[in-house]
Amino acid sequence: MTEQELGITERKEHNPGEWYAEVVRKAGLADYAPMGGFIVTRPRGYAIWERLKRHLDGWFKETGVDNAYFPMFIPESYLEREKDIVEGFDPEVAWVTHGGREELDERLAVRPTSESIIAPFISQWVRSHRDLPMRVNQWCSVVRWEATETKPFFRTKEFLWQEGHTAHATHEDAWAETMTRLGQYERLYEEVMAIPGMKGRKPEHDKFPGAHTTTTIEALMPDGKSVQAGTSHHLGTSFAEAFDITYTDEEETERTAHTTSWGLSWRALGALIMTHSDDQGLVVPPALAPTQVVVVPIWQEDTETAVTEYAADLAAELDERFRVEYDDRDGRNPGFKFNEHELHGVPLRIEVGPNEVEEDGATLVHRPDGENETADRDGIADAVEDALETVYAKLYAAAEENLTENVREAHGRGEILGTIGRHGGYVKTGWCGDEACEAEIKDEIAAEIVMLPMDRDEEPIHETCGVCGEAAVETAYFAKSY
RNA sequence: GGGAUCGUGGGUUAGCUUGGCUAUACUCGCAGCCUUGGGUGCUGUGGACCCCGGUUCGAAUCCGGGCGAUCCCA
């Protein structure tokens with residue numbers, strides 16, 4: 001009874017939607033805001049976002065990206081300069097029409113994305129080929145007034161993200177940039193979040209408005225749905241033309257630049273929660289956990305002094321290398337503390353009682369599976385380091401297994417529908433390139449083409465389209481998605 | 001886009017069919033006591049009927065609308 005009130009009551013396997021909502025609330029990550037579709041990100045949730053951000057931002061800076069900040073409002077006339085952007089985002093733009101009591105002469109869009117406010121400045125800043133490549137990134141929030149249902153972190157009307165915008169001399173340079181950023185997103189997912197991803201292209205009809213190519217990294221959730229985990233767009237020259245981003249080359253000829261943009265949002269948090277967490281609550285890989293290690297002292301009246309001194313000393317030593325919490329709260333028994341730290345997703349728990357003091361050791365317990373190990377007091381920090389690596393490895397292995405077991409091949413309408421319906425996951429099949437063939441699957445089972453192979457010239461796995469039977473031009477990956 | 005379920009202290013909830021006294025219980029917070037190998041016990045105390053309108057002598061309960069949440073289908 002008590003357990004049901006404080007902990008997670010829904011089972012991940014039976015009711016993933018409700019389970020997810022419970023983890024988000026009870027692990028203290030977010031609350032619902034008074035306006036539908038908005039959330040309040042609580043310190044525990046924001047701390048994870050900050051760590052994600054720190055990793056990615058570091059890699060950006062190492063690879064020539066500078067941070068900047070642009071206004072959150074975009075004049076309507078700016079937004080209209082690239083017609084695809086207008087059409088693509090029109091239904092979900094929030095507008096500011098008044099400043100105080102005064103109606104504005106020109107209404108202002110709350111940025112749904114910032115190409116149209118950043119590009120005009122890149123245009124001013126780029127004069128010669130020596131100014132290229134030009135790279136700016138901003139960490140900010142954007143607003144998209146989605147009509148669809150919202151879910152904390154996965155889909156909210158306002159969300160936090162980073163958006164990078166670059167200009168390059170050649171198509172090839174821009175392509176290299178696009179792939180560099182996609183690679184960094186993949187690295188973030190794999191190394192930091194312990195989630196394997198698959199890289200690919202979006203089909204024509206699902207590209208970013210106006211883009212030459214939209215690339216994506218997709219991650220598979222345990223309920224069989226795919227998440228677009230990050231995107232990187234080669235924008236070609238359409239934005240440069242619309243916003244006049246030109247440069248003078250070595251021969252003093254004026255040329256149009258090639259631009260890119262790329263973004264990763266707090267949807268990554270949603271994917272993280274959904275992937276690793278369980279019926280006990282949140283599970284977070286060590287690299288992201290606000291608290292990596294919790295030390296819980298366990299004593300009886302006559303052992304109190306010995307145990308607490310030993311445990312406090314141990315915690316202090318570990319604190320030099322890890323993010324450590326020493327949980328010496330009075331009036332809470334160990335069981336309570338264990339449950340609470342499991343709910344909060346602390347990757348490693350260290351139990352210290354009379355037995356450990358006696359043996360000059362410590363008991364290390366892994367969050368993902370409750371596995372115990374004993375470590376010597378000497379060299380405890382190295383043992384903790386190893387244990388944290390083991391925790392990461394366990395999480396990655398489980399996620400990787402889920403992915404590899406859920407990429408299947410199918411051919412023919414019934415087989416595609418049946419395979420997705422029965423197992424979820426990805427189904428690859430030949431595709432003729434016609435959107436209508438995707439629509440046919442989508443209408444039936446709400447699965448769509450989430451990805452095409454990165455290499456345009458790759459031979460399709462089947463000679464004919466899995467839906468209509470015409471000649472296939474490429475391989476399509478169908479999946480249900482968030 | 002269509003359908004279903006739901007909204008009561010911070011959390012979980014009883015009461016609603018058949019309108020009626022100070023709105024139930026657990027948990028939680030605070031003060032104090034107790035003390036620890038998987039959600040310990042005791043005392044005191046704090047805190048709620050999603051919003052607007054309607055019916056009525058009287059609405060948490062009935063009716064209408066709105067907002068919000070979850071799930072299923074397209």
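FYI, side chains are in, hydrogens and waters are out, and symmetry mates aren't considered; it's all heavy atoms of this structure. Residue numbers begin at 1 in each chain, while the letters A, B, ... track the order of the sequences. This structure is a prediction, so every number in the text was calculated from the model and none was measured.
Donor-acceptor pairing under 3.5 Å, judged by distance alone, is absent between the side chain of A:Arg25 and the base of B:G10. The base of B:G38 sits with one of its N or O atoms less than 3.5 Å from a complementary donor or acceptor on the side chain of A:Glu342. Put simply, the side chain of A:Glu356 and the base of B:G37 share a donor and an acceptor less than 3.5 Å apart.
Comparing the same atom, P, in B:G64 and in B:U22 gives a spacing of 30 Å after rounding to whole Å. Only the P atoms considered, B:U40 is 15 Å distant from B:U35, to the nearest whole Å. Distance noted for atom C1' between B:G68 and B:U43: 40 Å (whole Å). The same atom, C1', is picked in B:C33 and in B:U70; the two are 43 Å apart, to the nearest Å. Distance noted for atom P between B:U61 and B:C42: 35 Å (whole Å). The gap from the P atom of B:A23 to that of B:C49 amounts to 11 Å, rounded to the nearest Å. Between B:G20 and B:C62, the distance separating the two C1' atoms is 14 Å to the nearest Å. Taking atom P on both B:A48 and B:U8, the two are 14 Å apart, rounded to the nearest angstrom.
With B:G37, B:G38, B:G11 as the choices, the nucleotide that has an atom nearest any side-chain atom of A:Phe338 turns out to be B:G38. Among the nucleotides B:G39, B:G37, B:C28, the one closest to the side chain of A:Arg332 is B:C28. Of the candidates B:G37, B:G11, B:G38, the closest approach to any side-chain atom of A:Lys26 belongs to B:G11. The side chain of A:Asn339 sits closest to B:G39 out of B:G11, B:G37, B:G39.
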Footprint string (nucleotides 68-74 of chain B, 5' to 3'): B base within contact, S backbone only, - free, heavy atoms under 4.0 Å: SSSBB-S

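With salt bridges taken as basic N to acidic carboxylate O contacts below 4.0 Å, none links A:Glu22 and A:Lys12. Salt bridge A:Asp327/A:Arg349: absent, no basic N to carboxylate O contact under 4.0 Å. Contact check on A:Arg201 versus A:Glu474 returns a salt bridge, with a Lys/Arg side-chain nitrogen under 4.0 Å from an Asp/Glu carboxylate oxygen. Between A:Glu317 and A:Arg377 there is a salt bridge, since at least one side-chain N of the basic residue sits less than 4.0 Å from a carboxylate O of the acidic one. Using a cut-off of 4.0 Å between Lys/Arg side-chain N and Asp/Glu carboxylate O, A:Asp382 and A:Arg321 are scored as salt-bridged.
Cation-pi geometry between A:Arg155 and A:Tyr482 is not satisfied (NZ or CZ under 6.0 Å from the ring centre, within 45° of the ring normal).
The aromatic rings of A:Tyr396 and A:Tyr392 lie parallel to each other, with less than 30° between the two planes, well short of the 60° mark.
Using a 4.5 Å cut-off on side-chain heavy atoms (C-beta onward), A:Leu52 and A:Leu272 make no contact.
With a cut-off of 3.5 Å on both pairing distances, the Watson-Crick and G-U wobble pairs of RNA chain B assemble into stems of 3 or more at B:1-7 with B:67-73, B:10-12 with B:25-27, B:28-33 with B:41-46, B:50-54 with B:62-66.
Atoms CZ (A:Phe336) and C1' (B:G37) sit 17 Å apart, rounded to a whole Å. In this structure, A:Gln280 places its CD atom 14 Å from P of B:G38, rounding to the nearest Å. Put simply, CG on A:Leu343 is 14 Å from C1' on B:G38, counting in whole angstrom units. A:Glu92 has its CD atom 12 Å from the P atom of B:G1, to the nearest Å. Atom C1' of nucleotide B:U35 and atom CZ of A:Arg329 are separated by 15 Å, given to the nearest angstrom.
Mapped onto RNA chain B by nearest heavy atom, A:Asn333 and A:Lys337 fall at different nucleotides, with A:Lys337 at the one closer to the 5' end.
Take A:Glu82 and apply the side-chain hydrogen bond (donor to acceptor under 3.5 Å, both in side chains) test, not counting sequence neighbours, and it matches no residue.
Annotation: A:Trp266 is in aromatic contact with A:Phe153 [ring centroid separation under 6.0 Å].
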Starting from the C-alpha separation in whole Å, work towards a yes-or-no answer on salt bridge (Lys or Arg N to Asp or Glu O under 4.0 Å) for A:Arg332 and A:Glu340. CA-CA 10 Å; A:Arg332 291 270 103 118; A:Glu340 188 177 79; 5.9 Å; no

